[in-house]
2 protein chains.
Amino acid sequence: MPERKPRQDAARNRKAVLAAADDLFARSDSPEEVTMADIAAAAGVGKGTLFRAFGDRAGLLRALYEARLEPVREAVETGPPPLGPATPPHQRVPALLDAVLCFKLDNRRLALALEEDGSGSPYQAEHYTRWHRLLRSVLEQIPGLTDSDYLAHALLAATRADLVEHLAGRERLPRDTMRAHLAHLTARVLGSGPLTAPATEN
Amino acid sequence: MPERKPRQDAARNRKAVLAAADDLFARSDSPEEVTMADIAAAAGVGKGTLFRAFGDRAGLLRALYEARLEPVREAVETGPPPLGPATPPHQRVPALLDAVLCFKLDNRRLALALEEDGSGSPYQAEHYTRWHRLLRSVLEQIPGLTDSDYLAHALLAATRADLVEHLAGRERLPRDTMRAHLAHLTARVLGSGPLTAPATEN
DNA sequence: CGACGATACGGACCCCGGGTCCGGATTGCA
DNA sequence: TGCAATCCGGACCCGGGGTCCGTATCGTCG
């Protein structure tokens with residue numbers, strides 16, 4: 001319960017590590033070639049320090065991720081439309097997905113590292129469950145959708161880090177093309193198709 | 001000149017390893033807790049033998065996967081509808097996806113192992129590119145779809161091993177429910193939506 | 001300002017798993 | 001049966017995540 005304040009050098013080192021790791025991941029082609037020892041070295045710090053500060057590799061990744069995600073999270077939770085809560089569902093869903101996609105595009109390596117190294121399923125990571133819960137709850141507000149839970153998973157799956165990396169990296173697909181494709185997909189999924197009869201606006 | 005026939009004990013050991021690995025993966029909760037040494041031991045064989053036969057871990061996984069996949073592949077390539085080539089596209093797409101899903105449900109651990117351990121992106125694995133190419137080519141035959149390539153990726157993403165594992169395993173979602181959801185999603189995506197095509201691309 | 005307890009530092013060290021190597025056993029062909 | 005090609009297998013290496021503890025640093029109190 002007591003928030004004991006850390007020593008100053010501890011805080012400084014923590015930042016140094018974060019910065020070094022951020023940089024190393026950004027440069028590296030593949031996250032798995034960035035080792036903990038490398039990060040420690042780049043931060044001018046011992047491995048012990050690094051592990052004391054973050055617990056383990058996944059912890060460090062999470063910390064980095066969380067930091068980068070902060071602005072987006074805020075825009076989603078308390079921001080103006082089209083991301084904020086005041087947006088009508090059928091408009092917010094594509095906005096949310098676009099935000100996720102853009103985030104992953106801007107943080108490819110990091111997202112990749114977190115997903116493929118995050119100690120088990122990405123689906124147990126709390127940041128994933130947050131996105132999923134949110135997206136599902138928004139989907140649920142759209143009439144005519146029956147399986148919002150699965151739909152949320154499926155839509156998020158289209159923004160997975162390794163897929164994004166593959167398309168944007170290996171296949172040089174331009175950012176906006178990809179966004180358009182995702183938007184298109186989303187539209188189709190939500191879309192007023194003849195097979196269900198939602199379509200009505202409110 | 002290649003095709004040098006292997007010695008009999010070699011062949012026998014190869015099968016033993018395959019069987020042992022198959023079994024071990026099937027039992028284990030998480031594939032990463034199955035070690036190469038374990039497999040060798042279970043097969044009553046030395047590690048050297050194992051690595052000589054399959055090159056590396058990924059090679060073994062691929063071999064196992066390929067073997068399991070064989071019947072499905074045949075059904076798809078030369079079988080009767082709804083999987084075979086003679087099926088009309090808008091009917092074949094859901095059939096293909098359902099087949100993939102079922103396969104992953106029946107081989108959860110194995111698929112999981114292959115995806116999360118397959119030496120880099122799953123998107124470079126040739127078995128993925130095969131599914132993708134096929135699905136894309138079928139999608140292309142459906143009028144009104146513009147970005148078949150991305151669509152194929154997105155739809156396949158909904159059947160990813162770790163997602164399947166999460167839903168079927170952790171959340172105890174019944175097999176048929178999941179299939180229904182996927183079918184529903186597919187229908188929505190293909191849905192004869194006259195909502196026009198915004199994305200300009202080539 | 002000096003000193004002392006609490007905290008952090010850091011790199012040597014451990015563990016574990018994938019992958020290699022080579023002396024010895026097997027196979028198969030004549 | 002003899003011989004060469006092939007294969008066997010477990011001891012061994014290496015690289016990376018994670019730990020430990022003697023030492024340096026902090027910051028607080030007298």
Side-chain angles (χ1 to χ4, degrees), chain A residues 2-21 24-25 28-64 109 112-120, chain B residues 1-21 24-25 28-64 109-110 112-120:
Chain A
E3 274 300 293
R4 211 139 67 177
K5 66 169 130 186
R7 253 165 56 172
Q8 225 159 30
D9 49 353
R12 180 168 37 79
N13 280 335
R14 184 186 173 89
K15 277 181 206 155
V17 168
L18 245 17
L24 283 186
F25 279 118
S28 78
D29 290 346
S30 177
E32 58 206 20
E33 70 194 19
V34 168
T35 169
M36 290 291 115
D38 290 344
I39 298 176
V45 130
K47 281 178 64 179
T49 302
L50 192 161
F51 279 97
R52 199 172 325 105
F54 297 97
D56 59 2
R57 180 174 237 255
L60 171 55
L61 267 343
R62 272 195 305 267
L64 274 172
R109 307 286 148 64
L112 206 51
L114 193 59
E115 277 189 23
E116 79 184 17
D117 185 67
S119 300
Chain B
M1 43 123 326
E3 277 328 284
R4 218 154 33 184
K5 71 171 107 178
R7 255 165 54 170
Q8 222 157 31
D9 50 353
R12 180 169 38 81
N13 280 334
R14 183 186 174 90
K15 276 181 207 155
V17 168
L18 245 17
L24 283 186
F25 279 119
S28 77
D29 289 346
S30 176
E32 60 206 17
E33 70 195 17
V34 169
T35 171
M36 290 291 113
D38 289 345
I39 298 176
V45 133
K47 280 178 65 179
T49 302
L50 191 161
F51 280 97
R52 198 173 325 104
F54 299 97
D56 58 3
R57 190 183 167 98
L60 171 55
L61 267 342
R62 272 195 303 271
L64 274 172
R109 307 286 149 64
L110 183 55
L112 206 51
L114 193 59
E115 275 187 26
E116 80 184 16
D117 186 67
S119 300

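Chain A is the first sequence line, chain B the second, and so forth, proteins listed ahead of strands; every chain is numbered from 1.
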key: B:L60 and B:M36, any side-chain heavy atoms less than 4.5 Å apart   = yes
query = Just how far is it from atom CZ of B:R7 to atom CZ of B:R12, taken to the nearest 0.5 Å?
reply = 10.0 Å
task = May I ask you to test the A:F25-A:L61 pair for a side-chain heavy-atom distance under 4.5 Å?
result = yes
query = Which nucleotide in the set D:dG18, D:dC8, C:dC9 lies at the smallest distance from any side-chain heavy atom of A:A10?
reply = C:dC9
request  = Verify, without hydrogens or angle tests, whether A:R57 (side chain) and A:D117 (backbone) share a donor-acceptor contact under 3.5 angstrom.
outcome  = no
ask   = What nucleotide, of C:dG18, C:dT27, C:dC9, holds the atom closest to the side chain of A:D9?
value = C:dC9
ask   = What integer distance in Å separates A:E33:CD from D:dG17:C1'?
value = 17 Å
message = So, does A:R7 get its side chain near the phosphate of C:dA8, meaning an N or O under 4.0 Å from OP1 or OP2?
response = no
query = Are B:N13 and D:dC8 close enough that a side-chain N or O sits under 4.0 Å from OP1 or OP2?
reply = yes
inquiry  = What is the distance, to the nearest angstrom, from the CG atom on A:D56 to the P atom on D:dG16?
reply    = 17 Å
inquiry  = When you measure from the side-chain N and O atoms of B:T35 to the phosphate of C:dG18, is any distance below 4.0 Å, counting only OP1 and OP2?
reply    = yes
query = Are side-chain heavy atoms of A:F54 and A:R62 found at a separation under 4.5 Å?
reply = no
Every protein N/O within reach of nucleotides 21-24 of chain C N/O, cut-off under 3.5 Å:
none

A:Q8 CD to C:dC9 P, straight-line distance once rounded to whole Å = 12 Å
key: Separation of C:dG18 P from B:F54 CZ (nearest whole Å)   = 15 Å
query = Which whole-number value in Å describes the distance from B:L60 CG to C:dG17 P?
reply = 16 Å
Given D:dG18, D:dT25, C:dG19, the nucleotide with the shortest approach to the side chain of B:F51 = C:dG19
ask   = Please give, in whole Å, the distance from D:dG16 P to A:D117 CG?
value = 13 Å
key: Rounded distance [0.5 Å steps], CG in A:D29 versus CZ in A:R109   = 6.0 Å
request  = Check the distance between D:dG17's P and A:E32's CD and give it to me in whole angstrom.
outcome  = 11 Å
ask   = Around atom CD of B:Q8, are there more than 12 heavy atoms of other residues, nucleotides or ligands at under 6.0 Å?
value = no
inquiry  = Could you tell me how far apart B:R12 (CZ) and D:dG9 (C1') are, to the nearest whole angstrom?
reply    = 14 Å
